[in-house]
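Everything on this sheet refers to the single structure shown next.
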2 protein chains.
Amino acid sequence: MATPRAATRSGVKDKGGTGGTPPVPQRLMAAATRLFSERGYDRTSVQEIVEAAGVTKGALYHYFGSKDDLLHEIYGRLLRRQKERLDAYADADEPVEQRLRRAAADVVVTTIDNLDDAKIFFRSMHQLSPEKQKQVRAERRLYHERFRDLVEEGQRSGVFNADTPPDLVVDYHFGSVHHLSHWYRPDGKLTPQQVADHLADLLLRALRP
Amino acid sequence: MATPRAATRSGVKDKGGTGGTPPVPQRLMAAATRLFSERGYDRTSVQEIVEAAGVTKGALYHYFGSKDDLLHEIYGRLLRRQKERLDAYADADEPVEQRLRRAAADVVVTTIDNLDDAKIFFRSMHQLSPEKQKQVRAERRLYHERFRDLVEEGQRSGVFNADTPPDLVVDYHFGSVHHLSHWYRPDGKLTPQQVADHLADLLLRALRP
DNA sequence: CATGACATACCGACTGGTTAGTCTGCCGCA
DNA sequence: TGCGGCAGACTAACCAGTCGGTATGTCATG
């Protein structure tokens, strides 16, 4: 657990009031996210992070146990957000093809909305300490399985083609989601929603019986 | 060009004869490929590479201008191989859906056969110097366009669904190819060819009119 | 209400360790 | 004798994490 001296998730009062500068831990996370996505984890020095956040090393190591810990928090934030959203779609009271389509499109939109996180996710996984890596993988697996169950359900009920193993279908789709950070440009022709609809269409068409 | 002191691609006589140890530049490339894929570019020291190759720093800097140069050569090797294979399939005298299917499946098989290269490809792109990065991107774009033309041809002739922009279709497929290095395990249930067939099926099904 | 005890939130100089790249020189072959 | 092919000690730079110190706030007590 890297001996964090203070809980990052615990409430920290924002002395600036609504509208002021965000509290220090958030500023550090934001700065780190941007820098990690731009230069990569190893190429970003702790000094650069604290300068971008307008504090010093003392502050960083007051809130985070290590540089590695900071990265881990970024992963945690992303995974929590994604799981939350998937659960909402998967639990909806709709036909399975609707639920899958909405979930598939939503993960595209939220990925584009947080492209920095997405860039970091796969690129920096191996910079995490082995235990933290294991933990992230476990959370990731839960997410994958929830998604896979949707595909499987549709295959069993006959609304989806059952020729392809469901795990492979999920990896197919998430491959394309992962790949977004390599080609999507906010100033391009397609809006996030349009890209999401297209990718969901491709998935659903691939699953037609 | 980072002042390489000797041409890496130029013929280097293999004093060991057929069956002996490969010449030093190849040994260095092989060691670097393995280590980069295992630990990442930044976490691999030049010292480790030369030790794994059974030589010293003097040898490495005799053949390569920099550590960065070594990475660039790995990219070059992969891109040359991929482009060569794609050209062969795209130029074949077959219906477009056959050509696309074969090309799509082939890139999966060769990616699995060179998983280390694939791992490095997207993970370490940003560690390359800006100019080398630009060069790699340009070569990559050519590859992408060749593939896209196949999709476009099929859409124009009506054998493929034309609802999705062809560029997006290509990114969809290559997303899944890219993703292979994150989940494929050689000791898993599916052979490379089986995975390739499934992924090609998914692509072709998504493109059905 | 004043006071002292303690905690939180941060500062910034310092350390120990690591690393890419250099440079001088040896050695065997042509 | 010259040169490609390498060896390996050396250097200059950098960087994560530490640690003693300061300022501000909180809280119990007399």
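Each chain gets a letter, A, B and so on, in the order its sequence line appears, and its residues count up from 1.
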Rounded to whole Å, the CD-P distance (A:Gln26 to C:dA9) equals 13 Å
Nearest-Å distance, NE2 (A:His62) to C1' (D:dT24)?
13 Å
Of B:Arg101, B:Arg102, B:Arg99, which is the lone residue that meets salt bridge (charged side-chain N to carboxylate O under 4.0 Å, His left out) with B:Glu94?
B:Arg102
Whole-Å gap separating P (C:dT18) and CD (B:Glu51)
13 Å
d(NZ, B:Lys67; P, D:dA13) in whole Å:
19 Å
With sequence neighbours left out, the residues meeting ring pair (Phe, Tyr, Trp, His ring centres under 6.0 Å) with A:His198 are none
Atom OH of A:Tyr61 and atom P of D:dC15 are separated, to the nearest Å, by 12 Å
A:Gln127 has an atom CD; how far is it from atom P of D:dA16, in whole Å?
12 Å
Scan for salt bridge (charged side-chain N to carboxylate O under 4.0 Å, His left out) pairs involving residues 27-36 of chain B, sequence neighbours excluded, and state none if there are none.
B:Arg34-B:Glu38
B:Phe122 meets the ring pair (Phe, Tyr, Trp, His ring centres under 6.0 Å) criterion, sequence neighbours left out, with A:His179, A:His182, B:His178
According to salt bridge (charged side-chain N to carboxylate O under 4.0 Å, His left out), does anything in residues 181-197 of chain A pair up with another residue at least two apart or in another chain? List the pairs.
none
What residue pairs, at least two apart or across chains, pass salt bridge (charged side-chain N to carboxylate O under 4.0 Å, His left out) with a residue in residues 119-130 of chain A?
none
Between atom CG in B:Leu60 and atom C1' in C:dT19, what is the gap in whole Å?
14 Å
Can you measure A:Phe64 atom CZ to D:dT18 atom P for me and round it to whole angstrom units?
16 Å
Which residues in residues 35-48 of chain A have at least one heavy atom lying under 4.0 Å from any atom of DNA chain D?
A:Thr44, A:Ser45, A:Val46
Does B:Lys57 get its side chain close enough to the base of C:dG21, under 3.5 Å, for a donor-acceptor pair?
yes
